[in-house]
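Reading through the structure tokens given below for one structure.
Note that the numbering runs from 1 along the sequence shown for the chain.
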Amino acid sequence: MKVIKKIVPVILALAVSVLLIIFRTMPTGKLWNDYSVLYTDKNVSDSLVMQAFDSFGVQGFVCESNQDVPYVFTNEFLDRMTIQINEDFEDFKYLKDRQKYFYDKTQSYRLYYAPARYKKNLADCASYLETATGLKAGIDSSSSYMRLLVIIFAVFVVILTVTSKNKALFVAGSIIPAIYSFCFPFYSSMIAACMLVLCVFFFCNLWKRAGAFKIMYKRFFIPAILLFSFVLSFSATLSAGFFYLLTVLGSASVILIYFYLEELYLSTLSFHPVMIRPAKMISPYGGKKKLVLLSALCATGVVIIFFFVTSAGNFSLNSSSLQLPAESAQRDESLPQLEDYYLWNWNVKTYPYRSLNQNNSDDGVATYPRYVLSDGKIENSQDVMVYNDSYKRKVFDQIDQLEFNSIEKVIKSQDADFVPGYKSSGSYQVNIFSIICMFICFAMLLFIYISAIIRKGGKK
């Protein structure tokens with residue numbers, strides 16, 4: 001039984017490590033469902049991009065040069081004449097507005113959409129185009145920010161290692177959190193990993209002290225930090241939260257393994273050292289209260305700042321600051337959405353039947369004469385069209401009937417509540433709850449830091 005008890009934590013630690021690596025989740029910066037985006041400097045010729053697509057096997061792509069009128073013609077001559085005559089009117093400006101989907105926000109880069117299965121092919125195309133032209137090209141994903149997040153975590157761990165009173169135990173307890181930080185490099189889960197190693201740091205400094213668990217429980221900020229780290233991890237994704245739970249279990253298993261190995265080592269000594277001072281007389285900060293808390297604040301603050309830098313798009317640090325059309329929490333009015341497409345389609349279909357005594361707008365109802373043969377007589381009747389949800393659904397379904405790879409097909413593949421806007425290439429969607437949790441964590445650490453500094457007679 002004793003052997004089994006010692007083997008179980010080894011199995012758990014190894015199993016958690018393997019599971020983290022196998023089921024790692026890397027943010028890809030993907031902006032569109034089912035599609036990846038290639039961007040090139042607008043001075044790169046379209047023909048050269050087509051050549052690259054052909055060479056690297058990219059098919060089914062959507063670009064400005066292969067667009068046509070996105071309309072299922074019933075009377076092609078009449079419909080095309082209607083579009084041509086009215087193309088400069090407000091009701092028909094959709095065709096011009098949709099072209100904005102093929103450029104970044106500054107109109108400096110041309111965009112090409114391809115099915116997501118060609119993502120690697122697009123990356124090869126981008127490398128080829130950059131080499132061939134010397135101009136910028138890339139795709140809508142970047143892992144550069146992931147590396148920086150991992151670096152932030154690593155620096156924080158190094159600082160805690162230097163200040164720890166039990167360096168070997170702290171390093172051992174931080175191994176699995178380090179694996180987690182690499183396998184789930186989301187902003188909030190990275191802060192959660194930092195909070196976990198901070199709790200491991202506190203525990204290591206009280207290692208084998210009498211009343212250690214009681215003191216850690218009584219010092220409200222330690223359980224508060226640990227509990228809130230769980231909330232942070234789940235605010236990233238459910239999978240990140242679940243594997244964070246496994247990470248805590250794995251880290252505890254490693255610490256237990258360390259305990260068994262230490263006991264085995266001590267059993268070979270003739271003299272067993274005993275910790276005389278109880279935990280209540282020992283500082284969990286390792287005598288470096290200001291440095292430890294300030295490091296935790298800085299790590300959290302840098303992650304938050306970096307989130308805004310890579311998401312706001314107002315910084316020109318690298319290609320990931322490009323603002324590309326994508327789903328956004330706030331609509332950019334310059335980008336049309338499907339509602340604009342429905343209305344344009346309605347105008348094309350009904351314009352020939354509107355009264356010349358009325359302006360171009362209507363009340364959502366159009367009538368036009370129809371002549372039918374009834375009992376050997378030609379009779380006059382009227383057909384009525386109504387701009388309603390049924391009409392919109394019909395137009396929505398007809399998008400698949402378009403005989404070319406239209407931008408409307410790309411938009412249709414998104415969620416039903418798709419709202420167009422601009423987003424930084426290489427950033428991933430962060431929900432508002434995750435952002436709030438990151439700020440709460442920073443505020444909590446700031447409160448602990450201020451309280452620890454101004455408290456008189458407190459231990460360092």
Side-chain angles (χ1 to χ4, degrees), residues 32-35 62 64 66-103 113 325-374 378-422:
W32 294 84
N33 295 334
D34 303 326
Y35 285 87
V62 180
E64 183 181 25
N66 68 4
Q67 296 303 287
D68 199 348
V69 178
Y71 188 82
V72 178
F73 294 100
T74 54
N75 185 330
E76 185 164 358
F77 174 78
L78 180 60
D79 292 338
R80 286 192 180 274
M81 186 62 67
T82 299
I83 295 170
Q84 184 175 353
I85 291 175
N86 295 280
E87 62 180 354
D88 293 327
F89 287 99
E90 181 72 15
D91 288 348
F92 292 83
K93 71 184 184 70
Y94 170 79
L95 285 183
K96 292 182 178 179
D97 289 344
R98 72 198 281 265
Q99 299 302 103
K100 295 176 182 177
Y101 278 103
F102 299 104
Y103 292 90
Y113 301 81
E327 184 173 11
S328 176
Q330 183 175 4
R331 184 188 175 187
D332 189 298
E333 295 296 332
S334 66
L335 291 171
Q337 55 186 359
L338 284 179
E339 183 66 37
D340 300 298
Y341 174 63
Y342 301 148
L343 187 58
W344 171 83
N345 189 288
W346 168 262
N347 287 328
V348 173
K349 188 176 290 293
T350 62
Y351 188 84
Y353 306 104
R354 297 180 192 172
S355 171
L356 295 178
N357 295 321
Q358 297 177 355
N359 57 30
N360 281 346
S361 63
D362 62 7
D363 57 1
V365 178
T367 59
Y368 54 95
R370 179 76 67 181
Y371 296 94
V372 296
L373 184 63
S374 177
I378 297 177
E379 295 183 355
N380 185 9
S381 66
Q382 285 189 331
D383 282 354
V384 179
M385 289 191 300
V386 181
Y387 185 74
N388 54 19
D389 289 340
S390 177
Y391 180 86
K392 295 175 185 178
R393 169 53 61 179
K394 180 180 178 181
V395 175
F396 180 82
D397 293 338
Q398 286 180 341
I399 290 176
D400 294 330
Q401 301 176 26
L402 297 175
E403 297 180 352
F404 63 99
N405 298 321
S406 70
I407 190 63
E408 287 75 22
K409 292 180 180 179
V410 178
I411 299 174
K412 181 180 178 180
S413 68
Q414 310 312 299
D415 297 331
D417 55 352
F418 172 76
V419 177
Y422 287 96

Could you tell me which residues satisfy ring pair (Phe, Tyr, Trp, His ring centres under 6.0 Å) with Y342, sequence neighbours excluded, listed by chain and number? none
With rounding to the nearest 0.5 Å, note down the distance linking [atom1] in [X] to [atom2] in [Y].
X: K394; Y: N388; atom1: NZ; atom2: CG; answer: 11.0 Å
X: E408; Y: Q67; atom1: CD; atom2: CD; answer: 7.0 Å
X: D97; Y: S334; atom1: CG; atom2: OG; answer: 8.0 Å

Do L338 and F418 make a side-chain contact, defined as non-hydrogen atoms from C-beta onward lying under 4.5 Å apart? no
For [X] and [Y], which heavy atoms make the closest approach, and how far apart are they?
X: W32; Y: P325; answer: NE1-O, 2.9 Å
X: L343; Y: Y387; answer: N-OH, 3.4 Å
X: K409; Y: I399; answer: CE-O, 3.4 Å
X: K412; Y: F396; answer: NZ-O, 3.1 Å

Any chance you could lay out the side chain to side chain contact (heavy atoms under 4.5 Å, CB included) test for M385 and T350, step after step, and finish with the verdict? CA-CA 8 Å; M385 289 191 300; T350 62; 3.4 Å; yes
Backbone N or O of [Y] within a donor-acceptor pair of the [X] side chain at under 3.5 Å?
X: Y101; Y: P336; answer: yes
X: Y341; Y: P70; answer: yes
X: S328; Y: R331; answer: no
X: Q414; Y: N33; answer: yes

Ionic contact status for D340 with R98, cut-off 4.0 Å: no
Salt-bridge test for R393 and D389: reply yes if a basic N is under 4.0 Å from a carboxylate O, no otherwise. no
Parallel, tilted or perpendicular, judged at 30° and 60°: which one describes the rings of W344 and Y71? perpendicular
Derivation and outcome, side chain to side chain contact (heavy atoms under 4.5 Å, CB included), residues V72 and E403: CA-CA 9 Å; V72 178; E403 297 180 352; over 6 Å; no
Quick one: side chain to side chain donor-acceptor pair (under 3.5 Å) partners of K392, sequence neighbours excluded? E339
Could you check whether Y391 and N345, counting side-chain N and O atoms only, form a donor-acceptor pair closer than 3.5 Å? yes
Could you go through I407 and Y113, starting from their C-alpha distance and side-chain angles, then the distance that decides it, and tell me whether this counts as side chain to side chain contact (heavy atoms under 4.5 Å, CB included)? CA-CA 8 Å; I407 190 63; Y113 301 81; 3.8 Å; yes
